[in-house]
Amino acid sequence: MVNPIGIFDSGIGGLSILNKLKEILPNENFIYLADNKNFPYGCKSKKEIFSLSLKNCEKLISLNCKIILIACNTSTTNSIQKLRKSISIPIIGIEPALKPAINYTKTKQIGVLATKKTLGSKLFFETLNKYKIDDINIHEQIEYKLVNIIEKSFESKIKIHKILKSYLTPMIDKNVDCLLLGCTHYNHIKDIIEEILPKGINIIDNIEAINKHVLNKLIINNIFNNSKNKRYIRIFYNGDKLSNTIINKEYESKYLIF
């Protein structure tokens, strides 16, 4: 099935997932929507998040996508349950990888760095209650500035380092031994996070788990692309032009109204 895999996020965060996904699915076509006109989602109401997410899904369906990946923790945790009632094609979401962290931790202290809307969502609480063991402590850190800085520019490494240190130091002091990245934007600054964290603290993202989930959905629905034609990867944005420093040379990038 030559139809593309559709992906959306409020900006460039989900490109970190696309960059890995294209490697394990070399024949697949991709369409990525960067809804940066409405960035960021983390400060919007649940109603607004659902409305924007539905709009993105409908656009991807109009572009003949065969499956949709929500590459945004905020959108997933606040809207995926309703979206699945409205969307006719398979839809996959992402959320902080709590289960791997619970299986990994030895100190029983887990750190989570995420947006306010992700940490305060019903789905996050349901997931937390499902996997949390009584003697494990979850230390949540709401971020207010990082996503905006990452979205706008990667040239502010010193500023990012300073903000990150203020977020991570309290978790380090609580003896966390793993840190969950609860926003795809953070995958782009993983190297800076590693500079700050002491050795022994494991950084856990959800990229590998999401890749496996997408692969399984393609298998279950028998919708692999078996064509020998050269594949395409198209990035559409509806706000400011995306920086060339973040766009892979293989990708086509252009403005689109959606």
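Rounding to the nearest 0.5 angstrom, the gap separating the CD1 atom in Ile201 from the CD atom in Gln109 is 11.0 Å. Atoms CG and CG, on Asn216 and Asn221 in that order, are 10.5 Å from each other to the nearest 0.5 Å.
Ser16 and Thr184 share no side-chain donor-acceptor pair at under 3.5 Å.
Considering Ile5, Ile7, Leu33 as possible partners of Leu60, the one that fulfils the side-chain contact (heavy atoms from CB on, under 4.5 Å) test is Leu33. Checked options Ile92, Ile61, Leu83; the residue passing with Ile68 is Ile61 (criterion: side-chain contact (heavy atoms from CB on, under 4.5 Å)).
Within a 6.0 Å radius of CD1 in Ile219, other residues, nucleotides and ligands contribute more than 12 heavy atoms. Annotation for Lys254: atom NZ does not count as buried by contact number, only 12 or fewer foreign heavy atoms lying within 6.0 Å. Within 6.0 Å of atom CG in Asn202, more than 12 heavy atoms from other residues, nucleotides or ligands are found, so the atom counts as buried in its surroundings.
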Note to self: Apply side-chain contact (heavy atoms from CB on, under 4.5 Å) to residues Val147 and Tyr186 and explain how you reach the verdict.
What the structure shows: CA-CA 8 Å; Val147 171; Tyr186 307 151; 4.0 Å; yes

Notebook entry, point to check: Passes side-chain contact (heavy atoms from CB on, under 4.5 Å), Leu164 versus Leu113? Steps please.
Noted result: CA-CA 10 Å; Leu164 268 175; Leu113 182 63; 4.1 Å; yes

Margin query: The test is side-chain contact (heavy atoms from CB on, under 4.5 Å); show your working for Leu21 and Ile24 and say whether it passes.
Written below: CA-CA 5 Å; Leu21 197 56; Ile24 67 169; 4.0 Å; yes

Next item on the list: Determine, step by step, whether Leu25 and Leu218 satisfy the side-chain contact (heavy atoms from CB on, under 4.5 Å) criterion, reporting the C-alpha distance in whole Å, the side-chain angles of both residues, the deciding distance to 0.1 Å, and the verdict.
Entry: CA-CA 10 Å; Leu25 297 171; Leu218 294 176; 3.8 Å; yes

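When all heavy atoms of Phe224 and Leu215 are compared, the pair lying nearest together is CZ-CD1, 3.6 Å. Heavy-atom minimum distance, Tyr104 versus Cys178: CD2-CB, 3.8 Å. Here the shortest heavy-atom pairing between Leu242 and Ala34 reads CD1-CB, 4.1 Å. Taking all atoms of both residues into account, the shortest heavy-atom contact from Ile94 to Ile17 is CD1-CD1, 4.0 Å. In terms of heavy-atom proximity, Gly93 sits nearest to Ile210 at O-CD1, 3.4 Å. Between Lys217 and Ile67, the shortest heavy-atom contact is CB-CD1, 3.6 Å.
Side chains of Asn248 and Ile233 form no contact here, defined as non-hydrogen atoms less than 4.5 Å apart. With a 4.5 Å cut-off on side-chain heavy atoms, Lys44 and Asn78 do not count as touching. Inter-residue side-chain proximity for Asp9 and Tyr41 is flagged as unmet; no heavy-atom pair is nearer than 4.5 Å. Looking at Ile12 and Asn36, their side chains never come closer than 4.5 Å, going by heavy atoms from C-beta outward. Within the 4.5 Å cutoff, no side-chain heavy atoms of Leu256 are placed close to those of Tyr237. Looking at Asn27 and Asn226, their side chains never come closer than 4.5 Å, going by heavy atoms from C-beta outward. Met1 is not listed as a side-chain neighbour of Asn225, based on a closest heavy-atom distance of 4.5 Å or more. Residues Leu197 and Ile203 have side chains in contact (heavy-atom distance under 4.5 Å, counting atoms from C-beta outward).
Among pairs with a residue in residues 53-79, those fulfilling salt bridge (charged side-chain N to carboxylate O under 4.0 Å, His left out) read Glu28-Lys66, Asp35-Lys55, at least two apart in sequence or across chains. Judged as a salt bridge (charged side-chain N to carboxylate O under 4.0 Å, His left out), the pairs with a partner in residues 182-197 (not counting sequence neighbours) are, in order, Lys157-Glu195, Lys190-Asp205. Pairs engaging residues 167-188 under the salt bridge (charged side-chain N to carboxylate O under 4.0 Å, His left out) rule: none recorded [sequence neighbours left out].
Using a 30° and 60° split on the angle between ring planes, Phe39 and His185 fall in the tilted class, from 30° to 60°.
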